[in-house]
Peer 1: 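After the structure tokens below, expect a handful of questions from me.
Indexing begins at 1, ligand by ligand and atom by atom, following the structure's order.
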Amino acid sequence: MTAPAKSPRLALHWKILIGLALGIAVGLVVKHFHARLWAAAPEGSTLASVYSFAEQLTRLIGQLFTRSLQFIAVPIILFALIHAIGSLGDFKKLGRLGGKTVGLFFITAFIAVAIGLTLVNLIQPGGSRFISNEARTAIIEKIPGEIERANQLAGTAKSTNPWHLIRDIIPTNPFDALSRGDMLQVVFLAFMVGLALNVVPPIRSRPILELAESITEVFTTIVRWIIRCAPVGVFCLIAPIVATLGFDIILSLGAYCVTILLGLAMIQLLVYPSVVRLFSPIPVGRFFRGIAQVQMVAFSSSSSAATLPVTIANVRDKLGVPPDITSFVCALGVKINMDGTAMMQGVATVFLAQFYSIDLSLTQQATIVLTAVVAAIGSPGIPSGGMVMLVIVLSTYGIPAQGIAMILAVDRVLDMCRTIVNVTGDAAVAVAVAGSEKQLMKV
Ligand code: ASP
């Protein structure tokens, strides 16, 4: 495999960080002057046209960046996994890897939700200490647009049957699974093909394995090209978000935001470093440096699924996790390991119960841990993906789904932050599994 070309000047992750910082700065400037300048300019005037053109162009480049990552995700996972599992030659190892991976996913998810619930009970962000009756009315008045979105989510959630989450692991048509990009189904397909390749005679399996390896390398090269565009991509994703953020509503739900951010910080700075240190020799600093690019792409795209190709490239190239463990853990993780989302769903449920003065018994709170862990598994790794399943959690505890409207209004930034946690969790488990198997490579 060819090593990525080293830039003679600035390292790529610095360039991405600069793109991110510039995007935030430009977004803030645009937001500040928007009402006074562009919005006030008469329609059709040069100023209005230039603004509208620049806005459309920025959004377009941002979308091109995310779409190019999405475009690469399915083929890279399919072929990398087929090659990884197909050349295993040892089913016991596969069982062990699967057990460790899923075990760590669940343990970290339970710890994450437990942290969230402890914080939300201690801080009580939905109680009268933080939200007075007048503030309640004011908040609800500010969010009519969000109520419509909340109703749409409730509609989607009603048609989601939790049993189908398990049923749908097996696609009825593998080509349909590939074209829809359903990661769990793609993993299932690659798994089956990989297993069968271990059983058929080598004369039949060798050409397929060689082809899968070559295709993986081709797509890995494309991923590297896309990552090189990340500084611009990240700028174009973040600037329009910051330009349209409602800062006043964020402030009025400040205690809720602080609770979530505190919980995310604890998972990120305590739970994952412990996992990495416990199972691998990789120092925590090197772990975080190795996934800096991944975190910045996750933050600006709010999508762990779109970030997947970057996660795979960095976990393998910078942390030295072997390709088979990387593709297996990261592809599975993007679907079922979402600790940031699980924690948010737990905190949001208790927060809304406090807001609506609904008493949740200790037993009910304990069951929230389980419900949130399962709901996060069902949440897609896309922007606001955790919100649909939150509707289901709320309905389990008799909390009005419309309360979600309030949370939606502040969710943009929180979503960006929990997506960082979601991708970091996948990388931490990949490192831990490879470390426990003594398979970490020198990089
Ligand atoms: N945006 C999150 C992700 O992609 C999902 C969510 O919590 O909304 O990981």
Peer 1: Could you give the distance from CG (N314) to CD1 (I291), rounded to the nearest 0.5 Å?
Peer 2: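 The distance works out to 8.5 Å.
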Peer 1: Can you tell whether the side chains of R224 and D317 come within less than 4.0 Å, N to carboxylate O?
Peer 2: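 Salt bridge between R224 and D317, a charged N being under 4.0 Å from a carboxylate O: yes.
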Peer 1: Rounded to the nearest 0.5 Å, how far does NE2 of H13 lie from CD1 of I227?
Peer 2: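 With rounding to 0.5 Å, CD1 (I227) is 13.5 Å from NE2 (H13).
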Peer 1: For R418, which part has a heavy atom under 4.0 Å from ligand 1: side chain, backbone, both, or neither?
Peer 2: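 Side chain only.
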Peer 1: Measure the CD-OG1 distance between Q293 and T311 for me, rounded to the nearest 0.5 Å.
Peer 2: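 If I round to the nearest 0.5 Å, the distance is 10.5 Å.
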Peer 1: May I ask you to decide whether D411 forms a salt bridge with R418, counting only side-chain N to carboxylate O separations under 4.0 Å?
Peer 2: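 Yes, this pair counts.
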Peer 1: Give the atom numbers and elements of ligand 1 that come within less than 4.0 Å of a heavy atom of S304.
Peer 2: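 Matching atoms, with element in brackets: 3 (C), 4 (O), 9 (O).
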Peer 1: With a 4.5 Å heavy-atom cut-off, do D176 and P171 have their side chains touching?
Peer 2: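 Not in contact.
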Peer 1: Evaluate side chain to side chain donor-acceptor pair (under 3.5 Å) for T108 paired with D339, printing each intermediate quantity in order.
Peer 2: CA-CA 7 Å; T108 49; D339 300 340; 3.2 Å; yes
Peer 1: May I ask whether S379 places a heavy atom under 4.0 Å from ligand 1?
Peer 2: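 No, S379 has no heavy atom closer than 4.0 Å to ligand 1.
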Peer 1: For ligand 1, is there an N or O atom under 3.5 Å from any N or O atom of M387?
Peer 2: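 In this structure, M387 places no N or O atom under 3.5 Å from an N or O of ligand 1.
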Peer 1: Could you list which atoms of ligand 1 come closer than 4.0 Å to a heavy atom of T341?
Peer 2: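 Under 4.0 Å from T341, ligand 1 has these atoms: 5 (C), 6 (C), 7 (O).
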Peer 1: Provide the number and element of each atom of ligand 1 under 4.0 Å from a heavy atom of S303.
Peer 2: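 The list of qualifying atoms is 4 (O).
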Peer 1: Answer yes or no: does an N/O atom from G385 fall short of 3.5 Å to an N/O atom of ligand 1?
Peer 2: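 N/O-N/O distance below 3.5 Å exists for this pair.
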Peer 1: Starting from atom 1 (N) of ligand 1, which protein heavy atom do you reach first, and at what distance in Å?
Peer 2: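 Checked against all protein heavy atoms, atom 1 (N) of ligand 1 sits closest to D415 OD1, 2.6 Å.
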Peer 1: Compare all side-chain heavy atoms of I377 with those of F106 and state whether any distance is below 4.5 angstrom.
Peer 2: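 Contact flag for I377/F106 side chains = yes.
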Peer 1: How about Q345 and I368: do any of their side-chain heavy atoms sit closer than 4.5 Å?
Peer 2: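 Side chain of Q345 against side chain of I368, heavy atoms only: no contact under 4.5 Å found.
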Peer 1: Give the atom numbers and elements of ligand 1 that come within less than 4.0 Å of a heavy atom of G381.
Peer 2: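 The list of qualifying atoms is 3 (C), 4 (O).
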Peer 1: Where does S302 meet ligand 1, judged by heavy-atom distances below 4.0 Å: at the side chain, the backbone, both, or neither?
Peer 2: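 The backbone, only.
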Peer 1: Taking only heavy atoms of S384, which atoms of ligand 1 are found under 4.0 Å from at least one of them?
Peer 2: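 Numbered from 1, ligand 1 contributes 8 (O).
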Peer 1: If the condition is salt bridge (Lys or Arg N to Asp or Glu O under 4.0 Å), which residues does E437 pass it with, not counting sequence neighbours?
Peer 2: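 Salt bridge (Lys or Arg N to Asp or Glu O under 4.0 Å) check on E437 returns R96, K100.
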Peer 1: For atom 6 (C) of ligand 1, tell me which residue out of G386, A342, S301, G340 has the closest non-hydrogen atom.
Peer 2: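 Of the listed residues, G386 has the closest heavy atom.
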Peer 1: Can you tell which part of V423 has a heavy atom less than 4.0 Å from ligand 1: side chain, backbone, both or neither?
Peer 2: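 For V423, there is no contact with ligand 1 at all, from either part.
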Peer 1: N/O of A305 under 3.5 Å from N/O of ligand 1, yes or no?
Peer 2: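 No, A305 has no N/O under 3.5 Å of an N/O on ligand 1.
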Peer 1: Taking only heavy atoms of N422 into account, list the atoms of ligand 1 that are under 4.0 Å away from them.
Peer 2: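 So the atoms of ligand 1 that pass are 2 (C), 3 (C), 9 (O).
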